[in-house]
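Report on the following structure.
Just so it is clear, the structure is predicted and the values come from calculations on it, not from any experiment.
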Amino acid sequence: MKRINLTCLVMLVILICSACHKTGDETAAEGPLETTGKTSSPPAINTNEPLLLALDIEPDDGFDPLMGWGSYGTPLFQSTLLRRNADQSVSSDLAKAWELDDSRRVWRITIRDDAVFSDGTPLTAKDVAFTFNQAAKTAGKTDVTVLEQAVVIDPYTVEIRLKTPQITFINRLITLGIVPAHAYGKSYGRNPVGSGPYRLVQWDEGRQMVMASNPYYYGQKPAIEKVVFLFMEEDAAFAAAKAGTVHVFRAPQMLAKQEISGMIRHAVPSVDNRGICFPCLPPQNWQSPQGYPVGNPVTADSAIRKAINHAVNRQELVEGILEGFGSPAHGPVNMLPWDQPDSAIRDNNPETARQILKAGGWQDNNGDGIVEKNGIAASFSLLYDANDSIRQALALAVSDAAKKIGIEIVVTGKSWDDIYKLMHSNAVLFGFGSFDQTEMHNLYFGGRKEEALHNPGFYANQTVDGYLNAAMAAPTENAAIPFWQKAQWDGKTGFSTRGDAAWAWLVNLDHTYFISQHLDIGHTCTEQHGSYIIANLPQWRWKVPSRPCASGT
């Protein structure tokens, strides 16, 4: 999709500001003006102007939760039943009360009675049931395959009935935005009606999205009335930030150490990880459900996978490629309560890697610098998204580390269309990272999957499968944690490097931003893969010079 270039940016911003200033109904936020050392006597902010964000949140399928909108963050236009807090606990949004019955298959939810859609229509249990049932029919990016039926009990009570126990279904209650039964249709994604804090005003695909606060929202009114997202190429967004024509800019790590006058650098920790998925089977005489080849004769050997994990210097990747904005990753859920800390290894250890290869029967018999086993050289391809410079750099660094222990990794950039056809037979550098534990099950549960990105390496371990299934069927999220941890490493086996080393997880990225010094974004929380800094957007406010307070305030 075409993105804004710098030449048309200035005219666009002028038009946006002119249109938005006509209303003049915004309320200025109180608070002291802060400055940075890079700017002296900055001009005061006009609190009537729209907030301009150079964040490309534009979804291909529109702003439709049933098609995946909001699944990695806040849907903005829609409300959700529950919310995930910074400490991973769960609290209410639309839901006033919720409980899972003794069968672990029925969620009974009572919703608030003051929620209203942005078209003025009350939101009732009928809309909640419709949303979940329609999500199952639509079969979009929101996975509700375990849903049997959502049933209205009374105007403000709904039962969500599952086919089998699945405690991770609570994440659908947290992420699935509720849509109106009376206004949902094919064009909904481009004309969303919701009960969230904002309403869509205008969407120029590939260019911008304008939204304003929803006057019917039951929660606290957003402090900033109008917000504009500009969908821009990276270089244009950086230039706009330097020119002072945007207030927030998501910067790649390679630009994050720059100084931008009038803006403050802000790094947000994330579980957004990068790792290598290895094909865990030798070449097969059958194909994937999509008809693509499966298996690799080199990466099928766990000694190869373990050796690479031990050889890589993850801290060096963080410092050299991420410019220090990140952390080493040894698994898919580092920094989350269900991580297994005992699964981490001491990396940057080529000697241990060589010992693993030797014990596994891999030796350089012909002196070419590449180890072999049974006549097969330890050489394979590592694919990455050709448009992602960070992934390219990580792939090349891993290739260099592997070369030192006698493994040849041929790094190749491809389009995602090509990668999807080759990922079951070639190693791929992926990005994942979610607060939803289901992702761990998807990545490691054995067997053939209809969804291509579920366990693309066809890893299988019956003991691990047992732990993963036990975690899914647990009565609470906390009760599931020991099973998630044992799946990673139980002291004898697991999917982590100490066990089968099905992946080589490399780094967790910090998401780096430049924020206008006039903008107070409050407390930001750990982010996910695919999410942005906007989770608490309704609480953002402009900083304006202090002035005498009225009595009693």
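For Ser399 (side chain) and Ala395 (main-chain N/O), no donor-acceptor pair under 3.5 Å exists by modelled atom type. Remark: side-chain polar atoms of Asp154 are paired, donor with acceptor, to backbone N or O of Thr157 under 3.5 angstrom. Judged by distance alone, with hydrogens and angles left aside, the side-chain atoms of Gln485 form a donor-acceptor pair with the main-chain N or O of Asp339 at under 3.5 Å. Looking at Asp465, its side chain does come within 3.5 Å of a backbone N or O of Gly446 through a donor-acceptor pair. Panel note: side chain Asp61, backbone Gly189; no donor-acceptor pair is recorded below 3.5 Å. Proximity of a side-chain donor or acceptor of Glu439 to a complementary backbone N or O of Gly433 within less than 3.5 Å is detected. In terms of modelled atom types and a separation under 3.5 Å, the side chain of Asp64 and the main chain of Leu66 share a donor-acceptor contact. Remark: side-chain polar atoms of Glu159 are not paired, donor with acceptor, to backbone N or O of Ile153 under 3.5 angstrom.
Residues Val318 and Pro328 have side chains in contact (heavy-atom distance under 4.5 Å, counting atoms from C-beta outward). Looking at Arg104 and Ile167, their side chains never come closer than 4.5 Å, going by heavy atoms from C-beta outward. Phe169 has its side chain out of reach of Thr438: every pair of non-hydrogen atoms, C-beta onward, lies at least 4.5 Å apart. With a 4.5 Å cut-off on side-chain heavy atoms, Leu537 and Tyr198 count as touching. Looking at Glu477 and Gln88, their side chains never come closer than 4.5 Å, going by heavy atoms from C-beta outward. At least one side-chain heavy atom of Val90 sits less than 4.5 Å from a side-chain heavy atom of Arg84. The shortest distance between side-chain heavy atoms of Arg108 and Asp101 does not fall below 4.5 Å. For the pair Asp93 and Ile174, the minimum side-chain heavy-atom distance is 4.5 Å or more.
The NE2 atom of His266 sits 3.0 Å away from atom OG1 of Thr524, with the distance rounded to the nearest 0.5 Å. In this structure, the separation between CG on Asp143 and CG on Asn442 is 6.5 Å, given to the nearest 0.5 Å. Residue Leu147 holds its CG atom at 11.0 Å from NZ of Lys137, rounded to the nearest 0.5 Å. Going from atom OG of Ser270 over to atom CZ of Phe325 covers 13.0 Å, rounded to the nearest 0.5 Å. Annotation: the span from Asn508 atom CG to His330 atom NE2 amounts to 10.0 Å, rounded to 0.5 Å. The distance from atom CG of Asp418 to atom CG of Asp385, rounded to the nearest 0.5 Å, is 11.0 Å.
Between Pro180 and the choices Leu123, Val193, Thr124, Thr131, the side-chain contact (heavy atoms from CB on, under 4.5 Å) rule is met once, by Val193.
Ring-plane geometry between His529 and Phe432 is classed as tilted, the angle between the planes lying from 30 to 60 degrees on a 0 to 90 degree scale. Below 30°, between 30° and 60°, or above 60°: for His511 and Tyr513 the angle between ring planes is above 60°, a perpendicular geometry. A tilted orientation is assigned to the rings of Phe430 and Trp503, their planes being inclined by 30° to 60°.
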Trace of the side chain to side chain contact (heavy atoms under 4.5 Å, CB included) decision for Val128 with Tyr156: CA-CA 9 Å; Val128 176; Tyr156 297 104; over 6 Å; no
Check against salt bridge (Lys or Arg N to Asp or Glu O under 4.0 Å), Arg305 and Asp500: CA-CA 8 Å; Arg305 306 193 300 264; Asp500 299 319; 5.4 Å; no
Tyr444 and Asn461: CA distance, side-chain angles, deciding distance, side chain to side chain contact (heavy atoms under 4.5 Å, CB included) verdict: CA-CA 9 Å; Tyr444 290 103; Asn461 179 321; over 6 Å; no
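Aromatic ring centres of His454 and Phe445 lie farther apart than the 6.0 Å criterion allows.
The number of heavy atoms from other shown groups lying within 6.0 Å of CZ (Phe483) does not exceed 12.
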